[in-house]
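It should be emphasised that the depicted structure is a prediction, and the values quoted were computed from it without experimental measurement.
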Amino acid sequence: MKSWRFHGTGRPLTLEEVETPRAGPGEVIVDIKAAGLCASDMGALHEPEWMASFPRLPMTLGHENAGVISEVGPGMDRWQIGDRVGLSPMIPNGDAIGYGTWDGGYGPKVRATEANLVRLPAELSFELGAVATDAGLTAYHAMVALGGAQEGMRVGVIGLGGLGYLGARIAVLKGAEVYAAETNPATRELAAEIRLAGVAESISEFADKNLTLIVDYAGFGTTTAQAVEALPKSGTLVQVGLGRPESTVNTQAIIFKQLKILGSLSGTQQDLTELYELMRGGALEPPIHRITPDRIPEGLELLRQGGVVGRLVACYED
């Protein structure tokens, strides 16, 4: 089969013939129907800091996947050929599908384990199922599992890109009053669609709103610092975005206001199961732009240029 192969930072993806994977003990093979394009893959192509995540090269990127099981290995009796699944990326050994040593969905088939598989409800498209496995999962885990967003809370969201759009909308669906910071004027126009209580260029403009929780999905250093300043006493900051690897923050504000700062990475199978249930009613449908797999490198370049509102998803034909 042909897959888009990653050879290291500074080198383009190349379409290469690779061996078709087979299911070993404790594994299944999933025929990919939809693979989301993520900014972290774009980062790996252009930023050397990401190379620590790739002990084996070349490999196939793509960690945001949904599809249909086409082969079942020994010890996987709970699963059958034809089952629709979303793939939670993390592997028990610390790798992830599309990272580490496990090839991902920028090719038509992937291996997966029990730790990855979540049943995809029939009501959800493969595109939505794929977006949920990373962007949705990461957004949900930070906002709900760690941040505890619930009815009656006032919540701040920084960044309304692929993650922030979902995180803000999830918080709204949980009953929170949500204020968002977004620098892109076009993206700020999504405020009514998400049902935000307010949107501005900086979260600092909502310092008077008593935001007990702020989730920073951007992580550009200044955004983290602004969140620390905007939080009230005993507030919580959940840091998700890695737009910059470092930030300078006011430690006096952290101490005097007794703030809680949490880092959030990906999520759990339980998070994904709960997210799929939340999505079944149709109230959580982020903007999706469908492309064919041959345009994956082009799509990643669009992400790098900041020319995408919502999520890009490569859709494989039957």
Side-chain angles (χ1 to χ4, degrees), residues 30 32-39 62-69 79 82-90 97-98 105 112 115-151 153 155 157 159-176 178 180 187 190-196 215 217 238 240 264-291 308-316:
V30 177
I32 299 300
K33 299 299 182 184
L37 277 62
C38 183
H63 54 272
E64 205 171 85
N65 306 300
V68 175
I69 292 176
W79 301 96
D83 284 348
R84 303 172 84 248
V85 293
L87 297 177
S88 179
M90 299 307 294
I97 292 175
N116 306 120
L117 300 172
V118 176
R119 296 188 188 276
L120 180 64
E123 299 92 332
L124 295 184
S125 68
F126 288 112
E127 293 93 328
L128 282 173
V131 168
T133 62
D134 181 43
L137 180 64
T138 301
Y140 185 92
H141 184 72
M143 181 62 68
V144 179
L146 291 184
Q150 59 183 305
E151 187 171 358
M153 284 181 66
V155 173
V157 169
L160 290 176
L163 290 177
Y165 175 100
L166 288 162
R169 184 66 181 144
I170 288 166
V172 168
L173 292 174
K174 289 290 185 179
V178 182
T187 306
L190 298 172
E193 177 182 314
I194 300 171
R195 296 211 326 253
L196 297 175
V215 183
Y217 291 106
V238 179
V240 182
S264 184
L265 177 67
S266 191
T268 67
Q269 283 178 301
Q270 182 61 36
D271 291 332
L272 185 55
T273 299
E274 293 174 7
L275 180 58
Y276 279 160
E277 285 300 311
L278 192 63
M279 297 176 83
R280 286 177 91 157
L284 182 60
E285 292 195 19
I288 289 177
H289 307 280
R290 296 163 179 82
I291 63 172
V308 179
V309 176
R311 301 297 289 185
L312 279 175
V313 180
C315 299
Y316 290 81

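Between Asp134 and Cys38 the shortest heavy-atom distance is OD2-SG, 3.5 Å. For the residue pair Ala168 and Leu160, the shortest heavy atom distance occurs at CB-CD2, 4.0 Å. Contact record, Ser264 with Val238: CB-CG1, 3.7 Å, taken as the closest heavy-atom pair. Minimum heavy-atom separation, Leu120 to Ser125: CD2-O, 4.1 Å. Gly164 and Tyr217 get closest at one heavy-atom pair: CA-CD1, 3.5 Å. Residues Glu285 and Tyr165 approach most closely at O-OH, 3.7 Å, considering heavy atoms.
Separating the CE atom in Met90 from the CG atom in Leu265 is a distance of 6.5 Å, to the nearest 0.5 Å. Within the model, atoms CD of Gln270 and OH of Tyr140 stand 8.0 Å from one another, a figure rounded to the nearest 0.5 Å. Annotation: the span from Leu87 atom CG to Leu137 atom CG amounts to 11.5 Å, rounded to 0.5 Å. Here the CG atom belonging to Leu37 is positioned 9.5 Å from the NE2 atom belonging to His63, to the nearest 0.5 angstrom. Note: Leu166 CG to Thr138 OG1 = 10.0 Å, rounded to the nearest 0.5 Å. Between atom CG of residue Leu128 and atom CD1 of residue Ile288 there is a gap of 4.0 Å, rounded to the nearest 0.5 Å.
Checking each of His289, Glu127, Glu64 against Arg311 for a side chain to side chain donor-acceptor pair (under 3.5 Å) leaves exactly one that passes, namely Glu64.
At least one side-chain heavy atom of Ile69 sits under 4.5 Å from a side-chain heavy atom of Val30. Proximity of Ile170 to Leu275: side-chain heavy atoms (C-beta onward) are separated by under 4.5 Å at one or more points. Using a 4.5 Å heavy-atom cutoff, the side chains of Tyr276 and Thr133 are in contact.
For the pair Arg169 (side chain) and Ala283 (backbone), a donor-acceptor distance under 3.5 Å is present. The main-chain N or O of Ala115 is found under 3.5 Å from a side-chain atom of Gln269 such that the two form a donor-acceptor pair. Using a distance-only test at 3.5 Å, with no hydrogens or angles considered, a donor-acceptor pair links the side chain of Asn116 to the main chain of Ser88. In this structure a side-chain-to-backbone donor-acceptor pair under 3.5 Å is missing from Arg280 to Leu124.
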> Can you list the steps and then say if Val157 with Ile194 is a side chain to side chain contact (heavy atoms under 4.5 Å, CB included)?
Replying inline: CA-CA 12 Å; Val157 169; Ile194 300 171; over 6 Å; no

Throw together a table of side-chain donor-acceptor distances under 3.5 angstrom for residues 141-151, partners on residues two or more places apart or in other chains.
residue, atom, partner, partner atom, Å
His141, ND1, Asp271, OD2, 2.6

